[in-house]
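Read the structure below first, then the notes.
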Amino acid sequence: MTTDTIPETNLPHISSQDPDVYKYIAAEQLRQEYTLELIASENHVSPAVREAAGSVLTNKYAEGYPGRRYYGGCEFHDSIEDIARDRAKELFNCQFANVQPHSGAQANAAVFFALMQPGGDTFASLVLSDGGHLSHGMKINFSGKYFNPVHYPLNYDLETDNYEHIDYDAVRDVCLEHKPKMLLCGYSAYPRIIDFKRFREIADECGALLMADIAHIAGLVAGGVHPSPFPHAHIVTTTTHKTLRGPRGGMIMTDDEDIAKKIDKSVFPGMQGGPLMHIIAAKAVAYGEALDPSFKAYAAQVVANAQALASALVDHGYRLVSGGTDNHLMLVDLRPKDENLTGADAETWLEKAGIITNKNGIPRDPRPPMQTSGLRLGTPALTTRGLKEDQMQTVADWIDTVLTSKGDTATAATVRDEIRALCEQFPLPH
Ligand code: DSN
């Protein structure tokens, strides 16, 4: 990057004090401005959320909870955390919210250590390679090291309509066999509606607590375009930065007072020390935005865009895992289009053209995780910048052009110029 390409960043202090760091922040701003962000777990926050995250609240220790802190000077922090908790409860229609987890994985860890005994207790979940999350039982993650995961399968019966959907009968069978203490639902790469009511019936039948990790779909739940895990789940965890469009962070919610007490203790002092109060303020601001009626339209457009993109990709000859999408993401199986094309190559070639994605294993993928046969695409970030169904057709055409050209440099340059022109028409929120 040359200095004449450094954009206006409104960061005068870093710019004059620390040009080494500044130039990369500026470059990143430029990258975000002029590329299409299709990573399903990313989004563009509002300037108000960014201001809160960059505020003086970062200076303060506030260990404890509102009204019960271990440090003086927390008066305003109490008010901010109360606003964040109240807005979270209103947004998700639940009784208790802990807004202190630094991330989704830490939120999940806090729940596991609050409600299960390490070293023995069993939980049931979807395996990472089928669309689950590493904190749902991966062997080298805390969840697989300290607890005993058993996994329920997707439906792999090609004769049925719901191939590669959650197989609820199989969930029930696994739970009745292993009697897990907790049943987990909610995923990182699953494009279909989750039937929380059915999960709760299974949890009740086998005596398990139901935990829903809605990290990916929280914004869709808040916007009313995906069914809510409440009142079915005993515990709900989420991240705050994906479809919910807040700062990077986590949250835990419940309707059960006993569970809420255990969760609070498990987050602090169990897992964490001082809460990130600047991030809690940014969560409060983001929840305020999500409570605005305009957020419902945003969430509906995210899904409409995903469905438009999915259908245009199918028209180009790609296969979608489970046959399509009901939410913000899709998993593209690249093999029917080109048997030799890997997710890793697709990710690299698309990035050269200004389309940012991530390679992703597809269920029963014969390739290893750093290669993969699939690509995960999502529409939350494109929808934030104002793109609609018409542009999704164009995005699918660009993806196909780049992949069909096998990463040809001239093709990538042409597409990149066209994308820049589109990005200029749909600037990021500043
Ligand atoms: N890494 C996140 C994602 O991309 O889905 C999940 O934590």
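Positions are given from 1, in the same order as the sequence printed here.
Looking only at atom types and distance, the side chain of N108 has a donor-acceptor partner in the side chain of T237 under 3.5 Å away. Residues D397 and H316 bring a donor and an acceptor atom of their side chains to less than 3.5 Å of each other. Looking only at atom types and distance, the side chain of E389 has no donor-acceptor partner in the side chain of Q307 under 3.5 Å away.
Pairs of residues two or more places apart, or lying in two chains, that qualify as ring pair (Phe, Tyr, Trp, His ring centres under 6.0 Å) and include a residue from residues 220-242 are F196-H226. Residue pairs meeting the ring pair (Phe, Tyr, Trp, His ring centres under 6.0 Å) criterion with at least one partner in residues 374-429, sequence neighbours excluded, are absent. Note on residues 53-65: pairs passing side chain to side chain donor-acceptor pair (under 3.5 Å), not counting sequence neighbours, are Y65-N98. Pairs engaging residues 370-395 under the ring pair (Phe, Tyr, Trp, His ring centres under 6.0 Å) rule: none recorded [sequence neighbours left out].
A search for side chain to side chain donor-acceptor pair (under 3.5 Å) contacts involving S294 returns D292, not counting sequence neighbours. By the salt bridge (Lys or Arg N to Asp or Glu O under 4.0 Å) test, K89 pairs with D86, sequence neighbours left out. Contacts of D315 classified as salt bridge (Lys or Arg N to Asp or Glu O under 4.0 Å), with partners at least two apart in sequence or in another chain: none. Checked against side chain to side chain donor-acceptor pair (under 3.5 Å), R50 has no partners two or more places apart in sequence or in another chain. Partners of R200 under the salt bridge (Lys or Arg N to Asp or Glu O under 4.0 Å) rule, at least two apart in sequence or in another chain, are D204. Applying the salt bridge (Lys or Arg N to Asp or Glu O under 4.0 Å) rule to D338 yields the partners K406; only residues at least two apart in sequence or on another chain are considered. Listed by chain and number, the residues in a side chain to side chain donor-acceptor pair (under 3.5 Å) with D326 are R192 (sequence neighbours excluded). In this structure, the side chain to side chain donor-acceptor pair (under 3.5 Å) partners of R69, at least two apart in sequence or on a different chain, are D78, E81.
Although no hydrogens or angles enter the test, the distance criterion places no donor-acceptor pair under 3.5 Å between the side chain of E42 and the main chain of E37. Panel note: side chain K359, backbone M370; no donor-acceptor pair is recorded below 3.5 Å.
Taking the ring axis of Y34 as reference, the NZ or CZ atom of R420 stays within 45° of it and closer than 6.0 Å to the ring centre.
Using bins of under 30°, 30° to 60° and over 60° for the plane-to-plane angle, the ring pair F142/F112 lands in the perpendicular bin.
For the pair R245 and S46, the minimum side-chain heavy-atom distance is 4.5 Å or more. Side-chain atoms of R319 and V332, non-hydrogen and from C-beta on, never get closer than 4.5 Å to each other. You'll find the side chain of T239 stays beyond 4.5 Å of the side chain of S103, heavy atoms only. At least one side-chain heavy atom of D345 sits under 4.5 Å from a side-chain heavy atom of T342. With a 4.5 Å cut-off on side-chain heavy atoms, C423 and E33 do not count as touching. With contacts defined as side-chain heavy-atom distances shorter than 4.5 Å, the pair L309/T379 qualifies. Residues D167 and Y152 are not in side-chain contact: their nearest non-hydrogen atoms beyond the backbone lie 4.5 Å or more apart. With a 4.5 Å cut-off on side-chain heavy atoms, P366 and S373 count as touching.
Ring-centre distance between Y287 and F295: not below the 6.0 Å cut-off.
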